Amino acid sequence: RGAGGGGGAGRARVGAALADPRPVPCPAAVGSLLSSYGWYLLLAALAVYLLVQKVSRGLAARPRGPGAAEAAEEPDVVVRRQEALAAARLRMQEELNAQAERYKEKQKQLEEEKRRQKIAMWESMQEGKSYKGNLKLSQQEAESGASTSAVPKSKPNKKPLRGGG
């Protein structure tokens with residue numbers, strides 16, 4: 001039964017496939033496709049192969065990593081760039097130092113002005129005057145400045161609130 005029995009069943013299937021009136025699409029369609037467009041398909045496959053080769057060479061030649069780009073440059077260009085960067089940093093630091101000095105001077109002037117106002121308030125309190133009135137007077141003088149020298153007006157004589165007796 002081994003070889004003879006199995007072969008008979010396979011022949012029956014092949015015979016049934018040949019007796020089928022439907023055409024077999026696969027081999028006939030490929031044959032007609034190759035006969036009609038064979039040269040075009042060959043040229044397209046060749047173009048794809050060459051394109052893949054060119055892209056792979058380009059990727060292999062390209063440097064990888066962040067430090068690889070600097071290694072490809074000339075050393076004198078890198079040195080000049082670093083010197084320019086150092087000079088720019090130095091200029092920026094000098095500008096920052098100058099701004100800090102101006103700020104310190106301004107703060108010293110403000111502290112000196114506050115100290116003068118406190119001294120003026122203390123003196124006015126020692127004389128028995130109100131420090132708030134003196135503060136207002138000093139602010140008015142500061143606003144008017146040296147351009148207008150205002151003569152303080154004397155107050156008209158007012159009656160005392162309490163009687164003398």
Side-chain angles (χ1 to χ4, degrees), residues 25-27 29-165:
C26 197
V30 171
S32 67
L33 184 70
L34 284 177
S35 66
S36 300
Y37 300 106
W39 287 108
Y40 298 116
L41 291 173
L42 182 66
L43 289 176
L46 183 65
V48 168
Y49 174 75
L50 291 175
L51 184 66
V52 167
Q53 289 295 320
K54 186 174 182 178
V55 168
S56 67
R57 273 191 235 129
L59 289 176
R62 196 174 90 199
R64 296 179 187 190
E70 291 180 7
E73 295 179 11
E74 295 183 21
D76 58 340
V77 174
V78 173
V79 169
R80 274 190 258 134
R81 184 182 301 143
Q82 288 176 348
E83 288 174 353
L85 235 116
R89 286 182 182 139
L90 185 63
R91 277 194 313 265
M92 290 172 67
Q93 186 64 43
E94 288 173 355
E95 288 175 11
L96 186 64
N97 290 342
Q99 287 177 354
E101 285 296 321
R102 286 193 299 263
Y103 181 75
K104 285 180 183 178
E105 288 295 321
K106 189 176 179 181
Q107 290 300 318
K108 284 182 183 178
Q109 289 175 356
L110 288 174
E111 287 176 10
E112 183 66 25
E113 184 64 31
K114 285 181 182 179
R115 188 183 66 80
R116 286 182 191 154
Q117 286 180 356
K118 285 183 179 181
I119 291 173
M121 281 183 358
W122 177 255
E123 288 175 354
S124 67
M125 287 176 66
Q126 290 295 323
E127 293 174 2
K129 297 178 182 175
S130 169
Y131 72 92
K132 289 184 181 177
N134 190 18
L135 185 61
K136 289 179 184 176
L137 182 64
S138 66
Q139 286 177 351
Q140 287 175 355
E141 287 177 2
E143 288 174 0
S144 64
S147 63
T148 59
S149 57
V151 178
K153 297 180 181 179
S154 61
K155 294 182 181 179
N157 292 334
K158 292 184 178 179
K159 294 181 183 178
L161 294 175
R162 291 188 180 175

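What you see is a predicted model, and the numbers here were worked out from it, not measured in a lab. Hydrogens, waters and symmetry mates are skipped; everything else that's a heavy atom, side chains included, is used.
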Spacing of [atom1] belonging to [X] relative to [atom2] belonging to [Y], to within rounding of 0.5 Å:
| X | Y | atom1 | atom2 | result |
| --- | --- | --- | --- | --- |
| K114 | E111 | NZ | CD | 7.5 Å |
| S124 | I119 | OG | CD1 | 12.0 Å |
| E112 | K108 | CD | NZ | 11.0 Å |

Quick one: side-chain hydrogen bond (donor to acceptor under 3.5 Å, both in side chains) partners of R80, sequence neighbours excluded?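 Once residues adjacent in sequence are excluded, the partners of R80 under the side-chain hydrogen bond (donor to acceptor under 3.5 Å, both in side chains) criterion are D76.
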Would you please name every residue forming a salt bridge (Lys or Arg N to Asp or Glu O under 4.0 Å) with E83, sequence neighbours left out?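 Partners of E83 under the salt bridge (Lys or Arg N to Asp or Glu O under 4.0 Å) test: none.
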N/O donor to acceptor pairs below 3.5 angstrom from side-chain atoms of residues 87-102, sequence neighbours left out:
{"residue": "Q93", "atom": "NE2", "partner": "N97", "partner atom": "OD1", "Å": "3.3"}
{"residue": "N97", "atom": "ND2", "partner": "Q93", "partner atom": "O", "Å": "3.4"}

By the definition side chain to side chain contact (heavy atoms under 4.5 Å, CB included), identify the one residue from R115, Q109, Q117 that meets it with E113.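 When R115, Q109, Q117 are each tested with E113, the side chain to side chain contact (heavy atoms under 4.5 Å, CB included) holds only for Q117.
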Do R57 and Q53 pass the side-chain contact (heavy atoms from CB on, under 4.5 Å) test, and can you show the C-alpha distance, the side-chain angles, and the key distance before you say yes or no? CA-CA 6 Å; R57 273 191 235 129; Q53 289 295 320; 4.0 Å; yes
